[in-house]
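The structure appears right after this line, and notes come after that.
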Amino acid sequence: MKKGLLALSPLGVFILVYLVTSLIAGDFYKVPITVAFMIASIYAVTVSGGIPLRKRINIYSQGAGTSQMMLMIWIFILAGAFAHTAKMMGAIDATVNLTLTLLPGSMLLAGLFLAACFISLSVGTSVGTIVALTPIAAGIAQQTGTSVPFMTAIVVGGAFFGDNLSFISDTTIVATSTQGCRLSDKFRANAFIVVPAAVVILTIYLIMGSNIHSPQNVGEVEILKVIPYLIVLLAAIVGMNVMAVLVVGLVLTGIIGMLMGAFDVYGWFGHMGQGIVGMGELIIITMMAGGLLELIKYNGGIDYLIERMTRHVKDKRGAELSIAALVSLVDLCTANNTVAIITVGGIAKQVGDRYGVDSRKAASILDTFSCMVQGLIPYGAQLLMAAGLAGLNPVSIVPYLYYPVAIGIAALLSILLRYPKRYSL
């Protein structure tokens, strides 16, 4: 037990250094998240006894440089270059003006949430949706005097709608394959749980948006400057790889920006460089989080969680609760919902089979709870990406993340109240 708790303790150190000290100071900008991860990383390497220091550092470095981590870093680099170039070319302002022209102020919040839900359901990825919509959401917030973290949180919430439900989402595919059920069956079981939550959140946004008024003097809509965002959105909806989408967007902003005299080729390169540099903190956080979590896994922290969470299961409800708790805690430790499902999927199948849990319900629980946690942790890729594109501290977005909380509550109630009945008996 002591070894297991020691393996998990670096995560506790991170929370202590970052959240607790920030709460004491009353300012989440007081303690840089990079410093909190650095302290927790040094602690993790220090307490990983029994192996040479060089090997501990190698394990940390391997976690920081996995193929998944590097993929996220390439996306950060391309997103930074595209977002800054689009901003300097005038694409964001033009797209915001078009949105304000088409939608009445009272529909902006609900419209943004619906757009994020639709795109994420089409693309199957929360990251692609966040990349496409966050700059627009931030621009609308500034134009209407609405909170930028709040508007960013609406996009993040809607992005997890599709991440959780889409047939082409990694989490859906992994959850169904580990539990041995069909995608369509899992979709139906999952929809019964989360769609009511989405309707409630949409209603809340409609009520909250009733007091929002579009600015009286909306700027001129320069359609040519909107094209990069329209192409990015369409490419995302048809399922193009997110990196390919960003490259297409980047090329379009360069061509249109030079045609309209916003910058020359050297100015384009300069803006791309500034955008990439602006993502530096996110890249560092991503790598340090990967290294820290790899050491936790190597030292048995994940195995300890799995063993402790499954030892007292006695009935079907307890089995479902243990599956939910397991995937939530592992996601907290890995900051990746797909990896969390892969890690506990086999154990969840064994527990489910032993206590008669419907495989479709088990897959829905795995997917929904992992998305709930992933949508709330400030060191997850989605919140880091959204914060970077909106120029925010990721923690400032967390209080406004209504949808991830709503699906967590809905999924918990589905276990406690035994619904949907056809998947719970």
Side-chain angles (χ1 to χ4, degrees), residues 2-23 28 30-76 127 279-306 308-309 326-344 370 373-385 387-388 393-395 398:
K2 286 183 179 178
K3 185 180 178 183
L5 289 174
L6 186 65
L8 289 169
S9 61
L11 199 60
V13 169
F14 166 73
I15 293 169
L16 188 69
V17 171
Y18 186 61
L19 292 182
V20 176
T21 53
S22 297
L23 287 169
F28 279 102
K30 202 84 170 178
V31 181
I33 197 169
T34 46
V35 173
F37 266 116
M38 183 187 72
I39 293 169
S41 298
I42 293 169
Y43 171 80
V45 171
T46 304
V47 299
S48 300
I51 53 175
L53 178 61
R54 182 66 186 173
K55 186 174 180 181
R56 294 180 233 169
I57 295 171
N58 283 343
I59 293 166
Y60 181 90
S61 301
Q62 286 165 9
T66 62
S67 58
Q68 235 171 4
M69 289 295 169
M70 294 310 297
L71 178 63
M72 283 310 308
I73 287 170
W74 302 140
I75 292 172
F76 284 162
V127 172
M279 287 289 173
E281 185 180 38
L282 300 189
I283 292 169
I284 292 167
I285 292 168
T286 301
M287 294 181 74
M288 287 199 291
L292 177 70
L293 300 170
E294 184 67 22
L295 275 173
I296 289 173
K297 184 179 178 183
Y298 179 85
N299 290 323
I302 305 297
D303 292 337
Y304 171 75
L305 278 179
I306 291 172
R308 296 293 292 181
M309 295 304 300
L326 266 177
V327 78
S328 298
L329 289 169
V330 173
D331 192 272
L332 197 67
C333 294
T334 59
N336 186 306
N337 46 345
T338 306
V339 170
I341 295 171
I342 291 170
T343 304
V344 305
S370 66
V373 174
Q374 189 68 21
L376 292 173
I377 51 175
Y379 52 91
Q382 290 83 355
L383 257 68
L384 289 175
M385 174 68 80
N393 183 316
V395 178
V398 174

Nearest 0.5 Å please: distance from the CG atom of Leu329 over to the CD1 atom of Ile306.
10.5 Å

So, does Asp331 use its side chain to make a donor-acceptor pair with the main chain of Asn337 at under 3.5 Å?
yes

Is there a side-chain contact between Thr34 and Glu281 (heavy atoms, below 4.5 Å)?
yes

Sub-4.5 Å side-chain heavy-atom contact between Val45 and Leu53
yes

Would you check if Ile59 and Ile51 make a side-chain contact, meaning some heavy-atom pair closer than 4.5 Å?
yes

Close side-chain approach of Asn299 to Tyr304, heavy-atom, < 4.5 Å
no

Give a yes or no answer on whether the side chain of Glu294 reaches the backbone of Tyr60 with a donor-acceptor pair at less than 3.5 Å.
no

Donor-acceptor pair, side chain of Asn393 and main chain of Val395, under 3.5 angstrom:
yes

For Asn336 and Gln374, work out which heavy atoms get closest and say how close.
N-OE1, 3.3 Å

Using the rule given for side-chain contact (heavy atoms from CB on, under 4.5 Å), can you reason through Leu383 versus Ile377, listing the C-alpha separation, both sets of side-chain angles and the distance that settles it, and then say yes or no?
CA-CA 7 Å; Leu383 257 68; Ile377 51 175; over 6 Å; no

Within a strict 4.5 Å, meaning less than it, do heavy atoms of the Met69 and Met287 side chains meet?
no

Any non-hydrogen side-chain atom of Leu292 less than 4.5 Å from a side-chain atom of Met288?
no

Considering all heavy atoms, the nearest Ala40-Pro10 contact:
CB-O, 3.7 Å

Spatial distance of atom CG (Leu384) from atom CD1 (Ile283) [nearest 0.5 Å]
11.0 Å

Which value, rounded to the nearest 0.5 Å, describes the distance between Leu71 atom CG and Thr286 atom OG1?
11.0 Å

Can you measure from CZ (Arg56) to OG1 (Thr46) and round to the nearest 0.5 angstrom?
7.5 Å

If I compare all heavy atoms of Ala7 with all of Gly300, which pair ends up nearest, and what's the gap?
CB-C, 4.1 Å

State the CG-CD1 distance between Leu11 and Ile296, to the nearest 0.5 angstrom.
5.0 Å

Any idea which heavy atoms bring Val31 and Tyr18 closest together, and the distance?
O-CE1, 3.0 Å

Tell me whether the centres of the aromatic rings in Tyr379 and Phe14 are closer together than 6.0 Å.
yes

So CG of Leu295 and CD1 of Ile57: to nearest 0.5 Å the spacing works out to 10.0 Å

Is Leu8 close to Leu305 at the side-chain level, that is, under 4.5 Å between some pair of heavy atoms?
yes

When you compare the side chain of Lys55 with that of Tyr298, does any pair of heavy atoms fall below 4.5 Å?
yes

